[in-house]
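The next block holds one structure in the form of structure tokens; read it before the comments.
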Amino acid sequence: MKKTALITGGNSGIGFATARKLQKKGYQVYIVGRNSEKVQQAASELGVESLVADMGQLADIESLAAPFRNSGLDVLVNNAGIAQPVPIEAYDGDVFDRLFYTNVRGPLFLIKNLLSAVEKRSGSITTVSSIITQRGASGFSLYAATKGAVNAFTKNLAVELAPRGVRVNAVCPGAIETPIFSKMGIPSEQLGAAKEQLLSTIPLRRFGSSEEVANVIVAQLEATYVTGSVWDIDGGVNT
Ligand SMILES: NC(=O)c1ccc[n+]([C@@H]2O[C@H](COP(=O)([O-])OP(=O)(O)OC[C@H]3O[C@@H](n4cnc5c(N)ncnc54)[C@H](OP(=O)(O)O)[C@@H]3O)[C@@H](O)[C@H]2O)c1
């Protein structure tokens with residue numbers, strides 16, 4: 001039987017590269033996106049299945065998981081996420097909810113809703129966190145808090161779900177060249193300067209690629225004695 005994989009945010013960046021790698025390894029891959037046109041286009045480019053769900057909406061998450069309850073699922077990659085600089089004076093309830101609903105509530109409730117499916121296949125779950133949990137960056141306290149929550153729930157769910165044969169891990173990318181930077185609402189000259197500054201903090205002196213992150217995600221998913229682990233992929237930043 002073909003192994004199955006579900007990847008949220010699979011139409012872009014790290015999720016797209018992970019989908020391509022799993023598809024090449026022979027998995028039946030389902031990519032999830034919030035925009036039906038974008039996710040269908042990505043799926044046809046990859047030759048995989050597409051599903052539409054907004055990870056900020058609990059009803060979407062429940063509908064997304066339902067079809068897998070009978071068939072089972074080998075691999076879940078909780079990759080969808082948003083990043084936005086929010087200086088503390090700019091905090092408000094809306095931006096707090098948007099970041100936490102997408103980056104924390106979405107992945108947690110998807111795990112909850114897919115648990116019986118993943119348990120059926122003694123499967124593996126990886127959530128995409130960030131190296132920002134371990135290194136300060138001005139303006140990113142709220143985003144970092146969402147990813148810190150990911151690291152914390154990963155360690156705790158790994159212990160809770162180990163007796164049921166389900167592994168739970170996370171990866172912490174550093175600076176990876178993906179469309180996420182252009183979605184942060186930062187003017188382009190300012191963004192260029194910020195990326196230059198970021199580059200100077202990376203021992204390998206370059207941004208990583210989505211493919212380099214996908215390689216580690218797939219290795220973690222297939223590492224059968226690894227659970228509760230948070231792996232850095234950061235060009236040496238966290239040394
Ligand atoms: N790139 C980096 O430097 C970096 C570093 C550390 C961690 N990360 C994490 O890596 C993950 C992937 O990001 P990326 O860099 O590959 O960025 P990306 O290219 O922007 O991909 C993010 C994906 O998540 C989707 N998404 C966002 N909000 C969603 C929602 N509410 N429901 C469903 N899908 C949603 C996006 O959809 P749209 O295409 O419609 O926007 C896109 O498919 C994120 O969790 C991010 O926080 C990235």
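Counting starts at 1 for both ligands and their atoms, following the listed order.
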Checklist entry - Does the N or O separation between I176 and ligand 1 drop below 3.5 Å for any pair? => result yes
Checklist entry - Looking only at distance, does G33 have an N or O less than 3.5 Å from an N or O of ligand 1? => result no
Checklist entry - Going by distance alone, is a donor N or O of one side chain under 3.5 Å from an acceptor N or O of the other, for T126 and Q220? => result yes
Next on the checklist: Is there a side-chain contact between R69 and N113 in this structure, where contact means two heavy atoms from C-beta onward sitting under 4.5 Å apart?
Outcome noted: yes
Item to check | F181 six-ring centre to K195 NZ/CZ under 6.0 Å and within 45° of normal | outcome: yes
Checklist outcome for this item: atom 7 (C) of ligand 1 has as its nearest protein heavy atom S129 O, 3.1 Å
Item to check | Nearest candidate to atom 44 (C) of ligand 1, where distance is taken over non-hydrogen atoms, out of N79, I132, I131 | outcome: N79
Checklist entry - So which of M55, K195, K147 gets nearest to atom 32 (N) of ligand 1, if we judge by its closest heavy atom? => result M55
Checklist entry - Within less than 4.0 angstrom of ligand 1, does G208 place any heavy atom? => result no
Item to check | Check: N79/T8 side-chain N/O donor and acceptor closer than 3.5 Å | outcome: no
Checklist entry - Among all protein non-hydrogen atoms, which one is nearest to atom 14 (P) of ligand 1, and what is the separation to 0.1 Å? => result T178 OG1, 3.4 Å
Checklist outcome for this item: In terms of its nearest heavy atom to atom 20 (O) of ligand 1, the top option of R98, E177, K183 is K183
Next on the checklist: Would you call the rings of F140 and Y143 parallel, tilted or perpendicular, taking 30° and 60° as the class edges?
Outcome noted: perpendicular
Next on the checklist: Give me the residue, atom name and distance of the protein heavy atom closest to atom 34 (N) of ligand 1.
Outcome noted: A80 CB, 3.6 Å
